[in-house]
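Some notes on the structure that comes next.
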Amino acid sequence: MGDCWVVIVQLPPSEPASTEMLELVLAGASLDLDLTVVFRGAGVAHVAEDPFRPWRQLIDHSLATVLVESGAARLPEGALSCSAAEIDALVRGARAVLVL
């Protein structure tokens with residue numbers, strides 16, 4: 001996962017912001033980038049069943065690696081759990097980082 005593009009979702013789900021965040025991530029994924037999406041902090045709430053449903057396409061269509069900060073109540077199938085230290089290391093080695 002080194003030298004990838006990283007999007008960190010740290011804002012909680014809310015409309016229309018959640019849809020706009022997803023559209024931005026999908027636009028990046030359409031460029032065939034090595035993309036990793038990290039849900040951390042308040043953004044972990046996106047992985048609850050209903051808010052995550054639209055994000056599911058990132059995993060289902062192999063558009064991005066999806067990471068969820070450790071301690072989340074739910075880990076969607078196909079997503080990976082990671083610690084804060086692992087996220088920090090990913091960010092240090094990233095090509096670019098976008099925080100939403």
Side-chain angles (χ1 to χ4, degrees):
M1 282 186 275
D3 199 34
C4 63
W5 299 77
V6 177
V7 176
I8 299 175
V9 178
Q10 63 183 21
L11 294 173
S14 68
E15 288 304 328
S18 293
T19 300
E20 292 168 354
M21 284 189 282
L22 177 59
E23 289 172 355
L24 181 62
V25 171
L26 289 172
S30 72
L31 298 174
D32 201 27
L33 302 173
D34 181 7
L35 185 63
T36 299
V37 178
V38 180
F39 293 92
R40 84 180 308 186
V44 169
H46 283 275
V47 302
E49 190 66 38
D50 288 335
F52 190 71
R53 197 174 317 270
W55 293 88
R56 178 95 222 143
Q57 60 192 308
L58 296 173
I59 296 170
D60 291 346
H61 300 289
S62 301
L63 299 173
T65 300
V66 175
L67 304 177
V68 179
E69 188 172 36
S70 301
R74 178 180 179 277
L75 186 64
E77 183 178 339
L80 304 170
S81 179
C82 61
S83 69
E86 290 170 317
I87 294 170
D88 293 341
L90 175 68
V91 166
R92 282 193 301 276
R95 182 176 205 130
V97 178
L98 175 64
V99 180
L100 303 174

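Rounding to the nearest 0.5 Å places OG1 of Thr36 at 11.0 Å from CG of Leu58. Separating the CG atom in Leu75 from the CZ atom in Phe52 is a distance of 9.0 Å, to the nearest 0.5 Å. Taken to the nearest 0.5 Å, the NE2 atom of His46 stands 7.0 Å off from the OG atom of Ser14.
Counting only residues at least two apart or in different chains, ring pair (Phe, Tyr, Trp, His ring centres under 6.0 Å) contacts with residues 66-100 are absent. Pairs passing the salt bridge (Lys or Arg N to Asp or Glu O under 4.0 Å) check and including a residue from residues 63-74, sequence neighbours excluded, read Arg40-Glu69, Glu49-Arg74.
You'll find the side chain of Trp55 reaches within 4.5 Å of the side chain of Val9, heavy atoms only. No side-chain heavy atom of Leu90 sits under 4.5 Å from any side-chain heavy atom of Glu86. With contacts defined as side-chain heavy-atom distances shorter than 4.5 Å, the pair Val97/Ile8 qualifies. Looking at heavy atoms from C-beta onward, Val7 lies out of side-chain contact with Leu24 at the 4.5 angstrom threshold. In this structure, Leu98 and Trp5 have side chains that are not in contact, with every pair of non-hydrogen atoms separated by 4.5 Å or more. Contact annotation: the side chain of Gln57 approaches that of Leu26 to within less than 4.5 Å [non-hydrogen atoms, C-beta and beyond]. At least one side-chain heavy atom of Val44 sits less than 4.5 Å from a side-chain heavy atom of Val68.
When all heavy atoms of Ala45 and Pro13 are compared, the closest pair comes out as CB-CD, 3.5 Å.
A continuous path of hydrophobic side-chain contacts links Ile59 to Leu33 [ILVMFWY only; heavy atoms under 4.5 Å]. No path of Ile, Leu, Val, Met, Phe, Trp and Tyr side chains, each step under 4.5 Å between heavy atoms, connects Val99 with Val37, placing them in separate hydrophobic clusters. The hydrophobic cluster containing Leu35 does not contain Val6, counting ILVMFWY residues as joined when their side-chain heavy atoms lie under 4.5 angstrom apart, directly or transitively. Cluster membership for Leu100 and Val66, using ILVMFWY side-chain heavy atoms within less than 4.5 angstrom, is shared. A continuous path of ILVMFWY side-chain contacts below 4.5 Å connects Phe39 to Val25, so both sit in one hydrophobic cluster.
By the 6.0 Å contact criterion, CD on Glu77 is open, its count of non-hydrogen atoms from other residues, nucleotides or ligands being 12 or less.
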